[in-house]
Amino acid sequence: MLFLSNTVLKCTLETIEKMKTHYKSQLQDKVPQGGLFVAKLPSCTITAYKSGKVLFQGNSAGSEAAKWGSSVTSTKTTTSKKPVAKNSGLPANIRTLSMVGSDEVGTGDYFGPMTVVAAYVSNDKFELLKELGVKDSKDLNDKQICEIAESIIHVIPYSLLILHNEKYNELQAKGMTQGKMKALLHNQAIGHVLKKIAPSTPDGILIDQFAVPDVYFRHLSGQKEIIKDKVYFSTKAEGVHLSVAAASIIARYAFVKEFDKLSEKCGLELKKGASAQVDVVAAKLIKKQGIGALRTYTKLHFANTGKAKKIAGI
Ligand code: MG
């Protein structure tokens with residue numbers, strides 16, 4: 001039987017306070033974002049999060065967690081067990097494999113960067129990630145996504161790349177398509193993760209499909225390192241493998257954080273997406289900081305630029 005060295009409890013803040021007192025001689029100075037405390041025991045590390053989740057990792061995780069009652073969250077498997085479609089080109093058993101998944105966020109947003117994440121999820125982490133709430137990010141709001149991301153970034157290897165708009169606009173002005181930017185970033189993020197987990201290798205790599213494979217690899221031609229061994233593509237890949245769901249959650253989390261920083265920097269509440277409301281905010285930004293500010297905050301080639309200029313009367 002597979003020995004699970006990770007256990008997650010869902011606790012009240014009162015219980016977490018009790019734990020903190022109980023482990024006070026083993027508390028660590030460094031606490032992750034969203035965390036309340038970290039305690040290091042000889043054979044178990046305990047991390048408590050503001051969300052009420054407490055993660056026990058290590059050989060004595062199960063027995064240590066058991067001291068805190070019967071509140072162990074049940075590990076019901078909710079991911080679809082059905083095999084993937086025969087004509088998908090994916091391994092039939094992909095849901096059981098240890099995979100690197102990659103996804104991107106921010107490509108359709110006028111404000112804010114593009115974020116790309118590749119994450120490695122080995123099959124012994126499936127239960128843990130489900131307990132930490134990983135699922136298709138389309139079913140989660142930004143607050144939930146941030147909570148989940150803050151716990152999973154400590155338990156899986158990943159690479160996050162952020163393409164800020166100054167650079168995006170520079171590349172775009174030189175004629176690079178968004179598709180090519182995505183391909184370059186996915187390939188790079190995947191490469192980083194493969195290096196992080198070496199000498200282990202994943203059973204495969206699954207990219208949330210934004211271009212057909214031929215086009216993806218054409219974008220990469222001329223690159224020093226092109227990862228193509230066991231690379232698979234699928235649309236809606238978050239629903240196919242947890243590695244893509246996790247990558248998507250971390251990418252969204254990074255996007256939201258960067259977005260909030262930008263709002264703070266310009267003193268305006270920026271809007272996500274590319275709607276008419278976005279045009280109005282962009283017009284305010286033009287009036288406040290001049291047209292040049294768009295280069296930093298926006299994807300200039302979007303139609304929003306022209307509409308915002310019109311609203312701003314320039
Ligand atoms: Mg995607």
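Every number for a ligand or one of its atoms is a count from 1 in the order of the listing.
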(message) Given the ring of Y23, does K18 sit roughly above its face, with NZ or CZ under 6.0 Å from the centre of the six-membered ring and within 45° of the axis?
(response)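 No - K18 does not lie over the ring of Y23 by the 6.0 Å and 45° rule.
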(request) Using the ring of F111 (Phe, Tyr or Trp, six-membered ring only), decide whether K271 places NZ or CZ under 6.0 Å from its centre and within 45 degrees of its axis. (result) no
Quick one: are the ring centres of [X] and [Y] less than 6.0 Å apart?
X    : Y    : value
F126 : H241 : yes
H301 : Y110 : no
Y216 : F233 : yes
H192 : Y158 : no

(request) Using 2.8 Å as the cut-off, note every protein N, O or S atom close to the Mg ion (ligand 1). (result)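 Result, waters dropped: D103 OD1, D208 OD2.
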